[in-house]
Amino acid sequence: MKANPLKQSVLLAAVVGLFCLALAAAGALAPMAVLPKLDLPAMLALALAALTLDAYWSAPKLCWSALLANAALGGVSFALLPWCAGVSGGVPVLTMGLAGGAVFGAASLLYTAAMERIATGPKAPLAPAGTALLLFLAGQCLSGLL
């Protein structure tokens, strides 16, 4: 079976769509509840969740043309899905798209490069999840500097 390089962006759209659906449902069922914002750490967490699902599905390979296409489609996912669900919080669509594309592109590059160098398989079943956790913690440190 031929590998699809755009599977990462499809998984990202599914993860972001489920997150936006959960936020919209929580806002409708509990209007006074404090809901999480869709900011850079949340975008990074969603991107790493999609990349981890892809890593458990098949071994990720670094391809520059697919990386650029995935970053562009990730920006579209982060721009349109929260806007359509009404959870963007007044942030302009273009800003959400550019930030989402940059976050997903950088996370995809770093995660794929790390996963190519880590020996995964039956002896290390938690390696993709551990790599995602460490990248998320690094992103949290970086967002504290910004």
Side-chain angles (χ1 to χ4, degrees), residues 1-30 33-89 91 95-146:
M1 184 175 196
K2 188 176 177 183
N4 187 1
L6 299 179
K7 185 175 49 174
Q8 291 177 347
S9 58
V10 171
L11 287 173
L12 177 72
V15 168
V16 171
L18 288 174
F19 178 75
C20 291
L21 182 65
L23 277 181
L29 295 175
V34 178
L35 298 175
K37 296 186 311 183
L38 190 61
D39 52 356
L40 290 177
M43 286 181 184
L44 181 63
L46 293 172
L48 288 174
L51 291 170
T52 303
L53 286 173
D54 182 48
Y56 278 118
W57 197 319
S58 63
K61 298 287 183 208
L62 189 60
C63 176
W64 290 101
S65 60
L67 179 71
L68 293 175
N70 281 328
L73 291 173
V76 169
S77 295
F78 276 117
L80 294 180
L81 289 173
W83 179 71
C84 290
V87 295
S88 62
V91 179
T95 304
M96 289 285 285
L98 289 175
V103 166
F104 185 62
S108 179
L109 175 68
L110 293 173
Y111 188 82
T112 305
M115 288 305 296
E116 283 183 347
R117 285 157 181 81
I118 293 175
T120 60
K123 292 185 179 181
L126 295 178
T131 304
L133 177 67
L134 290 177
L135 276 176
F136 177 71
L137 293 176
Q140 286 282 54
C141 292
L142 181 65
S143 69
L145 295 175
L146 297 176

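A127 and M115 get closest at one heavy-atom pair: O-SD, 4.3 Å. Pairing each heavy atom of P41 with each of F136, the nearest pair is O-CE1, 3.4 Å. Looking at every heavy atom in both residues, G105 comes nearest to L67 through O-CD1, 3.8 Å. Taking every heavy atom of both residues into account, V16 and P82 meet most closely at CG1-CD, 4.4 Å. When all heavy atoms of L48 and A132 are compared, the pair lying nearest together is CD1-O, 3.3 Å.
Here the CG-CG distance, from L81 to L21, works out to 10.5 Å after rounding to the nearest 0.5 Å. If you take CD on Q8 and CG on L11, they are separated by 8.0 Å, rounding to the nearest 0.5 Å. The line from CG of N70 to NZ of K7 is 11.0 Å long, rounded to the nearest 0.5 Å. To the nearest 0.5 Å, atom SG of residue C20 and atom CG of residue L46 are 8.0 Å apart. Atom-to-atom distance recorded for F104:CZ and Y111:OH is 11.5 Å, nearest 0.5 angstrom. Atom OG1 of residue T131 and atom CD1 of residue I118 lie 3.5 Å apart, to the nearest 0.5 angstrom.
In this structure, F78 and L12 have side chains that are in contact, with non-hydrogen atoms separated by less than 4.5 Å. Residues L38 and S88 are not in side-chain contact: their nearest non-hydrogen atoms beyond the backbone lie 4.5 Å or more apart. K37 has its side chain out of reach of V87: every pair of non-hydrogen atoms, C-beta onward, lies at least 4.5 Å apart. In this structure, L62 and L109 have side chains that are in contact, with non-hydrogen atoms separated by less than 4.5 Å.
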L51 vs S108, side chain to side chain contact (heavy atoms under 4.5 Å, CB included): CA-CA, chis, key distance, verdict: CA-CA 7 Å; L51 291 170; S108 179; 4.1 Å; yes

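A donor-acceptor pair under 3.5 Å is formed between the side chain of S77 and the backbone N or O of L73.
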